[in-house]
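Here it is: the structure, laid out below.
Keep in mind that this is a model prediction, so the values were computed, not measured. So you know, we letter chains A, B, ... as the sequences are listed, proteins then strands, and number each from 1.
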2 protein chains.
Amino acid sequence: MVESSEAGDLVFRALADPTRRRMIERLSQRECTVGELAEPLDMSLAGASKHVGVLEQAGILVREKRGRERVCILRPGGLIAMRDWVARYSAFWDARLESLDRALREDGDE
Amino acid sequence: MVESSEAGDLVFRALADPTRRRMIERLSQRECTVGELAEPLDMSLAGASKHVGVLEQAGILVREKRGRERVCILRPGGLIAMRDWVARYSAFWDARLESLDRALREDGDE
DNA sequence: CTTATACTAAACTATTTGGTTGACTATTCC
DNA sequence: GGAATAGTCAACCAAATAGTTTAGTATAAG
C-alpha cells in the first residue's frame, strides 16, 4: 500500500468496516458510552474500544471522559471529506445520466 | 468480522483504498484501459487488474472488452449507496450544526 | 504462422486488520 | 479502605488485503 497520509484517507478507511458504521448509526441517535456501543455488537469491550479509537483518529467522533465512563460524541463535520468526495462524483453522475444509453450499455441486469 | 453481505459494504470497502480512489478519479475524466490505469501507479499490470476487479464487483465500474483491451467505464450510480449513506448523516450534521457550542467543545484545534 | 501486446488467473509473501485475553488505571459504591 | 465497574493498553492470533511473479489466453501486427 502507498501510505497516502491524506487526511480523508483515515475517514474512508474508518468507514470501510460495517461495525464502525453501525456505531456511527447508533451515535447519530444519541451519545453512547463505549460500553453501550459494545453491548449490541457481540464483541468484547476492548474490541469496541479499538473501533472507537479508529473513528476518533479519523476525526469522526470525540471521546469525552465523564467519571469512569467515556462518552462518544459524533463530530458534525467529521465526514466532510467523504461528503465532498461523493459530491464531486455526483456531479459526474448527473452529467452522465443524461446519456444513459452509452454508459448503461450493460447495466440493466444488476 | 461479521460478513455483512450488504451490497453497500462492497462499495465502502472498495473506496477504502487510495489507489482505487485514484482510479475512479482518472475514470471520471475519461475511459481508460487497465493498462492506462496501471501506468501512473507504479504497480504491475496484474496488481492494477485486481483493483479494477474490486471496483467492478462493487458495481462502481464495468469492464468492456474491446479487441485485446479492456476498457473501464465508471457506472453512474455505482456510488449511490455511499451517497445515500452520507446524505443521511448530512441531515444529522445540519441539525447539530445549530448547536455548535456543545458538539464542537474540542473542535477548534483541527 | 509467429511474435508482441493486453490482460487475467493462480500461487505465494508481507503487512494490515479485526478480534481475543490478561493486566493495569481510574472511578464509583458499600 | 476494599470491591465492583468502565475503559485502555499490550501481546498475541487468524484472516483479509495489497502486492508480487509466473504462466496462460486472446487479440493484433508483421
Note to self: I need the CZ-C1' distance between Arg63(A) and dA26(C), as an integer number of Å.
What the structure shows: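 To the nearest whole Å, that distance equals 15 Å.
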Next item on the list: May I ask you to say what Lys65(A) touches in the nucleic acid, namely base, sugar-phosphate or nothing, with a heavy-atom cut-off under 4.0 Å?
Entry: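 The answer is sugar-phosphate, as Lys65(A) gets under 4.0 Å only of primed atoms, P, OP1 or OP2.
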Next item on the list: May I have the distance from Leu37(A) (atom CG) to dA6(D) (atom C1'), rounded to whole angstrom?
Entry: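 It is 13 Å, rounded to the nearest whole Å.
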Notebook entry, point to check: Under 6.0 Å from the CD atom of Glu25(B), do we count more than 12 heavy atoms belonging to anything else shown?
Noted result: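 Counting other residues, nucleotides and ligands, CD of Glu25(B) exceeds 12 neighbours.
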Next item on the list: Send over the distance from His51(A) NE2 to dT8(D) C1', rounded to a whole Å.
Entry: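 It works out to 15 Å between those atoms.
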Next item on the list: Answer yes or no: does a side-chain N or O of Arg66(B) lie under 4.0 Å from OP1 or OP2 of dA6(C)?
Entry: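 No.
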Margin query: Heavy atoms only, 4.0 Å cut-off, all strands: where does Gly47(B) land among base, sugar-phosphate and nothing?
Written below: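 Base: the residue Gly47(B), judged by heavy atoms under 4.0 Å, touches a nucleobase.
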Margin query: With nearest nucleotide decided by heavy atoms, which residue, Ala46(A) or Glu69(A), maps closer to the 5′ end of DNA chain D?
Written below: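 Closer to the 5' end of DNA chain D: Glu69(A).
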Check: Is there a side-chain polar atom (N or O) of Ser49(A) under 4.0 Å from OP1 or OP2 of dA6(D)?
Finding: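 No, no such contact exists.
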Note to self: Less than 4.5 Å apart, side chain to side chain, heavy atoms only: is that true for Leu61(B) and Arg75(B)?
What the structure shows: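 When only atoms from C-beta onward are counted, Arg75(B) and Leu61(B) do not touch, as no gap falls below 4.5 Å.
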Notebook entry, point to check: Between Leu55(A) (CG) and dG7(D) (C1'), how many Å, whole number?
Noted result: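 Rounded to whole Å, this separation is 16 Å.
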Item checked: Value in whole Å for how far the P atom of dA15(D) lies from CZ of Arg13(B) ->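 Arg13(B) atom CZ is separated from dA15(D) atom P by 16 Å.
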Next item on the list: For residues Cys72(B) and Thr33(B), determine if any side-chain heavy atom of one lies less than 4.5 Å from a side-chain heavy atom of the other.
Entry: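 Counting from C-beta outward, Cys72(B) and Thr33(B) never come under 4.5 Å.
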Check: So do the side chains of Glu64(A) and Arg70(A) get within less than 4.5 Å of each other, counting heavy atoms only?
Finding: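 They are not in contact (no side-chain heavy atoms under 4.5 Å apart), so the answer is no.
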Checklist line | Upstream residue (5' side of DNA chain C) when Leu45(A) and Gly67(A) are each assigned their closest nucleotide | finding: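 Comparing both residues, the 5'-ward one is Leu45(A).
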Item checked: Pairwise side-chain contact, Trp85(A) with Val11(A), heavy-atom cut-off 4.5 Å (strictly under) ->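 Trp85(A) vs Val11(A): side chains apart.
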Notebook entry, point to check: What integer distance in Å separates Met43(A):CE from dA6(D):P?
Noted result: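 Nearest whole value for this atom pair: 18 Å.
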Check: Once you round it to whole Å, what is the distance between C1' of dG19(D) and CE of Met23(B)?
Finding: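 Rounded to whole Å, this separation is 12 Å.
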Next item on the list: Check whether any side-chain nitrogen or oxygen of Arg68(A) sits under 4.0 Å from OP1 or OP2 of dT25(C), and answer yes or no.
Entry: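 Answer is no, no contact under 4.0 Å.
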Next item on the list: Nearest whole angstrom, please: distance from the C1' of dA6(C) to the NZ of Lys50(B).
Entry: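 That distance rounds to 18 Å.
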Check: Below 4.0 angstrom from OP1 or OP2 of dT20(C), is there any side-chain N or O of Ser44(A)?
Finding: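 For Ser44(A), the contact criterion (side-chain N or O under 4.0 Å from OP1 or OP2 of dT20(C)) is met.
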Notebook entry, point to check: Of Glu36(B) and Arg20(A), whose nearest nucleotide on DNA chain C comes first from the 5' end?
Noted result: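 The 5'-side residue here is Glu36(B).
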